[in-house]
Amino acid sequence: MGRKVVLTGMRTTGSLHLGHYVGALKQWKQIQDAGEHECYFLLADVQALTTHADNPTLLSRSVIDVTKDWLAIGLDPTLPNVHFVLQSQVPERYELSALFMMIARYSEVIRNPTLKTELKRQENASMGFIAYPVDQVADIYMVNPYPIEEDDEVLVPVGEDQVPHLEYARDLAERFNNSYGPVFTPCQPLVGEVGRLVGIDGKAKMSKSMGNSIDLSDSAAVVKQKVMSMYTDPNHARVDDPGDSENNPVFMYLRAFDPNQEEVEELADHYRRGGVGDVALKRRLVGVLNDFLEPIRQRRAEYEKADLGSIIFDGSHAARQASIPVIEAVRQYMSLIIP
Ligand code: ATP
Ligand code: MG
C-alpha cells in the first residue's frame, strides 16, 4: 500500500477567518481525524514576505496567531501524524525551490489566472511574489515520499483560488520526472463544498487584506456588529419586497454554517416571495455563527499557555527529515554533485 501525505498551508499575515475555515481548515481537520495521512500543515512565513516584507513584526505575531487559530479549531500536533511546520525553518525547501525555478517557464507562470488577478491589486509586486506559484511547488514536494511507490498520494486540501496553482504543481512534477527521473508523485487538489466564501461586503472573497472578514478569534459582540452591517440584497428595501436569496451573503453564510439546512431553505423560499426582513435574517446568522465560534473560543483559551515554540520546532524538524531524501535525489538527477 502506498503512503499518504498531506501538505497544505496558510500565509502568516494575520488572524484567520471564516473563509479559511470552510475553504481549508474544515477539510484539514477531517483528514487529520481520519488518521490515514501524514499531515504537514505549513505556516508560510516566507510566502508572507512576498507581500509583507516591510512588516516583519506583523509576520512574527501572525505565526503565533495562526498557530492558535489552528489549535482552536481542533488541529492537534500531539497526534503522531500531525506536524505544524514553519516554512523558514526547512532550509532544504529553498534549495528545492531554486531548482524548480529552472524547469518552470516564465510564460506559463505569468498566465496563471490566480496570479493575474492578484497582480492587478499590487502596483509594486516583488520578484518573490511573481515567483510564488513555483516556490509553492517546493513546499508541496519537500515532503513527497521518496523513493516513490505506486499508490503513493500527495493530497493538498485548499480553497478554490489555489486550484490553478495545484494543476501547475502537477505539471512541474511530471516535467521533472520525464526529464530526469521518477522523484515526485503529482499532487491531488481537494476542494471542500464551499471553495470560496464571499466577504461581508458581498465582494468575491472574504480576505484579510480586503477588510471584509469575520475572524475565528472575533468576540460575540464583534460578530454581532459585523453581521448586522452585512451587505444583503440592495433591492430588498421593505420586508414585503421579494428578495434574492442566491447572491445574498447572509444566505451564503447560513448555507455554510447553519446546522438546520431545511429551515434555511424554507426561509430562502419565504425571502424570495417577500415577507422576511433582513434584520430577522441577520439575527439568525449572529446566533448560528456565535454557536459555531463558541467552542473554538473555549479551545483557544485552553491553549493559552501551550508551548507553541516546541510544537513548531518538532513539526519543522519532521518536515526537514522528510525533505532530505527528496533533495538528495533531485541533486543526483540534476547532476549537482562533486564529480
Ligand atoms: P487573505 O486573502 O485573507 O489575505 P490568503 O488568501 O492570503 O488570505 P492564504 O494563506 O493564501 O490566505 O490561504 C490559505 C487557504 O485558505 C487557501 O487554501 C485558500 O484557498 C483558503 N482561503 C482563503 N480565503 C478563502 C475564502 N474566502 N474562501 C475559501 N477559501 C479561502
Ligand atoms: Mg492567498
Side-chain angles (χ1 to χ4, degrees), residues 10-26 29 51-52 55 58 61-62 64-74 121 159-161 192-239 241 243-261 263-264 267-268 271 276-301 303-304:
M10 297 202 169
R11 304 194 319 139
T12 52
T13 52
S15 295
L16 303 181
H17 51 63
L18 296 178
H20 292 116
Y21 181 81
V22 288
L25 296 173
K26 189 176 175 185
K29 167 96 167 75
T51 52
H52 290 67
N55 200 346
L58 168 76
R61 199 180 62 229
S62 298
I64 297 179
D65 290 341
V66 173
T67 304
K68 285 186 177 169
D69 282 332
W70 286 0
L71 292 168
I73 68 105
R121 289 205 269 142
E160 193 180 273
D161 60 328
E193 262 170 67
V194 187
R196 182 171 51 80
L197 191 73
V198 299
I200 55 173
D201 55 0
K203 296 237 172 77
K205 189 183 160 214
M206 182 177 284
S207 157
K208 301 167 247 192
S209 40
M210 286 163 75
N212 61 3
S213 65
I214 294 177
D215 294 351
L216 298 174
S217 50
D218 279 345
S219 68
V222 169
V223 170
K224 182 172 180 200
Q225 176 244 318
K226 286 185 178 175
V227 170
M228 294 322 274
S229 77
M230 263 177 86
Y231 177 92
T232 57
D233 171 6
N235 299 319
H236 183 248
R238 264 160 302 182
V239 174
D241 291 343
D244 180 354
S245 64
E246 294 312 300
N247 304 306
N248 185 325
V250 179
F251 274 108
M252 291 179 190
Y253 291 14
L254 286 173
R255 291 197 174 101
F257 291 97
D258 197 318
N260 195 336
Q261 287 298 309
E263 264 180 43
V264 171
L267 203 59
Y271 192 83
V276 177
D278 283 338
V279 172
L281 204 60
K282 287 176 174 178
R283 285 221 179 97
R284 178 182 180 107
L285 183 59
V286 172
V288 164
L289 291 182
N290 277 329
D291 285 351
F292 166 73
L293 289 171
E294 196 43 43
I296 296 177
R297 292 182 191 121
Q298 276 170 20
R299 220 175 293 116
R300 181 187 306 276
Y303 278 112
E304 207 35 69

When rounded to the nearest 0.5 Å, the distance separating CG of Asn235 from CG of Asp241 is 8.5 Å
So, do Leu16 and Trp70 sit near enough that their side-chain heavy atoms are less than 4.5 Å apart?
yes
Nearest heavy-atom approach of Asp69 to Arg300 is OD1-NH2, 2.6 Å
For Arg297 and Ser219 the tightest heavy-atom approach is NH2-C, 3.5 Å
Residues passing the side-chain contact (heavy atoms from CB on, under 4.5 Å) test with Gln261, sequence neighbours excluded, are Arg255, Asp258, Val264, Glu265
When every non-hydrogen atom of Met210 is compared with those of Lys205, the smallest separation belongs to SD-O, 4.0 Å
Rounding to 0.5 Å, atoms CD1 (Ile73) and CG (Leu25) come to a distance of 4.5 Å
- Message: Applying side chain to side chain contact (heavy atoms under 4.5 Å, CB included) to Leu281 and Leu267, what does each step give before you reach the verdict?
- Response: CA-CA 9 Å; Leu281 204 60; Leu267 203 59; 3.5 Å; yes
Using modelled atom types and a 3.5 Å cut-off, is there a donor and acceptor pairing between side-chain atoms of His52 and backbone atoms of Thr12?
no
Please check this pair: side chain of Asp201 against backbone of Tyr231, looking for a donor-acceptor N/O pair closer than 3.5 Å. no
- Item | Exam field: side chain Tyr253 to backbone Ile200, donor-acceptor pair closer than 3.5 Å | yes
Heavy-atom nearest pair, Pro259 first then Val288, reads CD-CG1, 4.5 Å
Rounded to the nearest 0.5 Å, the CZ atom of Arg284 sits from the CD atom of Glu263 at a distance of 4.5 Å
Discussion item. Within the structure provided, determine whether Arg11 and Thr51 are in side-chain contact (heavy-atom separation under 4.5 Å).
Written reply: yes
To the nearest 0.5 Å, atom OH of Tyr21 lies from atom CZ of Phe257 at 7.5 Å
- Please report the C-alpha distance between Ser209 and Arg121 in whole Å, then the side-chain angles of each, then the deciding distance to 0.1 Å, and finally whether the side chain to side chain contact (heavy atoms under 4.5 Å, CB included) criterion is met. CA-CA 10 Å; Ser209 40; Arg121 289 205 269 142; 3.6 Å; yes
Residues Leu18 and Met206: closest non-hydrogen pair is N-SD, 3.8 Å
What I want to check is whether the side chains of Asp233 and Tyr271 have a donor and an acceptor closer together than 3.5 Å. no
Closest heavy-atom pair, Ala256 versus Val194, reported as atoms and distance to 0.1 Å, is CB-CG2, 4.1 Å
Rounded to the nearest 0.5 Å, the CD atom of Glu246 sits from the CG atom of Asn248 at a distance of 9.0 Å
### Query
When you measure from the side chain of Lys282 to the backbone N and O of Met230, does any donor-acceptor pair fall under 3.5 Å?
yes
Contacts of Asp218 meeting side-chain contact (heavy atoms from CB on, under 4.5 Å) (sequence neighbours excluded), chain-then-number -> Ile214, Asp215, Val222, Val223, Lys226
In this structure, CE of Met228 is separated from CG of Leu285 (nearest 0.5 Å) by 9.5 Å
For the residue pair Asn55 and Arg61, confirm or rule out a side-chain donor-acceptor distance under 3.5 Å. no
- Query: So with a 6.0 Å cut-off around CZ of Arg283, is the heavy-atom count from everything else above 12?
  - Reply: no
